[in-house]
Amino acid sequence: MTILWMVACVAYGLGYPSFALGIAFVGATEVLSRYFEHSPSPTVRWLHWFRALLIELFATVFAFCLSPLRWRRRVLQTAGHDTPILFVHGYLHHGAVWFFHQWMCWKKNIGPTFSMSLGYPFSSIETYAVKLAKHAEAICAKTNHKELMIVGHSMGGLVACHYALHLAKRGSVKQVITIGTPLEGTLLARIAPGEDARQMQRNAPYLAQLQSDLAGPLPFDLCHISTSTDNIVIPPSSSAGSKKRKRLILNNIGHVSMLFSPRVFRQIQEWR
């Protein structure tokens, strides 16, 4: 918050009043959203949605700007001596979008952490899970750890669950954390191309089978982070997960913004 006001002041001092006003407006929205965070008022719910969409615009642009980093694999790894963490991106994204979370892990000496790019964006979730399996094996061999923690954003959470359920050796996955994952599908998948998009449609057979597989006892810890103001997973409750699992439901942040959220990172840190 302080940074936003500082940026606004600097922009105004450099002669960019319109930019300064825009940043100040974002800051004011942030203050109001936090102040009324737990109020049930319909007006406050609209404020949460407005704040989420406003920040989402900046987050989406920033994620796009990170695209050149996808080829710099050394940037996408951090050191550490704990259970390795593999971050898996979502639909149409790439491994570099995990820059913030990996940077925070580096600051807290958590890890080692790795991220991967799934490649061609319109394949099936099963195909991506096979790619994840190869990365997981390489990471375990490199770090000499038998267990792995997987964090998946959006579709990446489905890929992580599929791998942990059907491809991973028993005991090799310690935990799966999904972030904004359409566990029950999203309406927007109907207008998106690709086999993966068809699998993420509401009432899709793939998701029905996945829900059945996840309902019983699991050989790994499963946790969910979602937001009630998700602008991609519609309805937002689709990503909340079962009440039987550990979960966090935010209320004033967008879908892509969770990739750059300190609140999301703190929850990952607490659950690991």
Side-chain angles (χ1 to χ4, degrees), residues 76 83-98 101-102 105 110-119 121 123-140 143 145-186 189 195-197 199-200 204 206-207 209-226 232-233 238-242 245-248 255 258-259 264-265 267-269 271-272:
L76 306 178
T83 301
I85 304 174
L86 175 58
F87 292 97
V88 187
H89 66 82
Y91 183 75
L92 296 180
H93 275 176
H94 47 83
V97 297
W98 291 106
H101 284 286
Q102 290 192 270
C105 286
I110 296 173
T113 69
F114 302 82
S115 63
M116 60 176 291
S117 290
L118 297 173
S123 296
S124 67
I125 291 173
E126 294 92 337
T127 299
Y128 295 138
V130 171
K131 291 185 178 181
L132 193 159
K134 294 179 180 178
H135 278 268
E137 291 177 5
I139 290 170
C140 290
T143 61
H145 276 80
K146 295 182 179 180
E147 286 186 324
L148 183 68
M149 173 180 169
I150 307 176
V151 180
H153 175 252
S154 195
M155 183 190 72
L158 299 177
V159 176
C161 288
H162 187 98
Y163 163 72
L165 284 168
H166 304 298
L167 301 179
K169 296 179 180 178
R170 191 172 185 85
S172 63
V173 177
K174 177 182 179 181
Q175 184 179 52
V176 172
I177 298 179
T178 70
I179 302 175
T181 293
L183 298 164
E184 298 177 8
T186 171
E195 176 63 22
D196 45 359
Q199 290 177 307
M200 290 189 288
Y206 174 82
L207 291 181
Q209 182 60 52
L210 182 67
Q211 287 292 317
S212 177
D213 294 339
L214 292 176
L218 299 174
F220 55 90
D221 190 21
L222 180 61
C223 309
H224 306 291
I225 299 176
S226 64
I232 299 297
V233 177
S238 171
S239 60
S242 171
R245 310 293 181 190
K246 298 176 184 177
R247 64 178 189 170
L248 169 68
H255 186 77
M258 288 190 285
L259 289 167
V264 172
F265 172 77
Q267 191 60 66
I268 295 174
Q269 182 182 16
W271 280 340
R272 71 181 182 88

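Count residues from 1 along the sequence.
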Side chain of [X], backbone of [Y]: donor and acceptor closer than 3.5 Å?
| X | Y | result |
| --- | --- | --- |
| Tyr128 | Pro121 | yes |
| Arg247 | His224 | no |
| His93 | Tyr91 | no |
| Thr186 | Pro182 | no |
| Ser238 | Glu184 | yes |

Calculate, to the nearest 0.5 Å, the distance between atoms [atom1] and [atom2] belonging to [X] and [Y] respectively.
| X | Y | atom1 | atom2 | value |
| --- | --- | --- | --- | --- |
| Lys174 | His145 | NZ | NE2 | 9.0 Å |
| Met258 | Ser239 | CE | OG | 6.0 Å |
| Ile177 | Met149 | CD1 | CE | 3.5 Å |
| Glu126 | Tyr206 | CD | OH | 5.5 Å |
| Ser124 | His162 | OG | NE2 | 8.0 Å |
| Phe220 | Arg170 | CZ | CZ | 10.5 Å |

Does any non-hydrogen side-chain atom of [Y] lie less than 4.5 Å from one of [X]?
| X | Y | value |
| --- | --- | --- |
| Tyr163 | Ser172 | yes |
| Thr83 | Arg272 | no |
| Ile150 | Leu132 | yes |
| Leu86 | Val151 | no |
| Ile179 | Ile268 | yes |
| Val176 | Cys223 | no |
| Leu214 | Ser242 | no |

>> Going by side chain to side chain contact (heavy atoms under 4.5 Å, CB included), Leu158 matches just one of Asp196, Thr178, Leu207. Which one?
In response: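 When Asp196, Thr178, Leu207 are each tested with Leu158, the side chain to side chain contact (heavy atoms under 4.5 Å, CB included) holds only for Leu207.
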>> One thing to verify: whether Lys246 and Asp221 come together as a salt bridge, which I'm taking to mean a side-chain N less than 4.0 angstrom from a carboxylate O.
In response: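 So Asp221 pairs with Lys246 through a salt bridge.
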Distance-minimising heavy-atom pair for [X] and [Y]:
| X | Y | result |
| --- | --- | --- |
| Ala133 | Leu167 | CB-CD1, 4.5 Å |
| Asp213 | Leu218 | O-CD2, 3.7 Å |
| Met155 | Ile125 | CG-CG1, 4.4 Å |
| Thr113 | Phe87 | CB-CE1, 3.9 Å |
| Gly95 | His89 | N-CD2, 3.5 Å |
| Ile110 | Ile85 | CG2-CD1, 3.8 Å |

> Hey, what's the ring geometry for His255 with His153, parallel, tilted or perpendicular (30° and 60° as the breaks)?
Replying inline: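 The rings of His255 and His153 sit tilted, inter-plane angle from 30° to 60°.
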>> Between Gln102 and Ser115, does the side chain to side chain donor-acceptor pair (under 3.5 Å) criterion hold? Intermediate values first, please.
In response: CA-CA 9 Å; Gln102 290 192 270; Ser115 63; 3.2 Å; yes
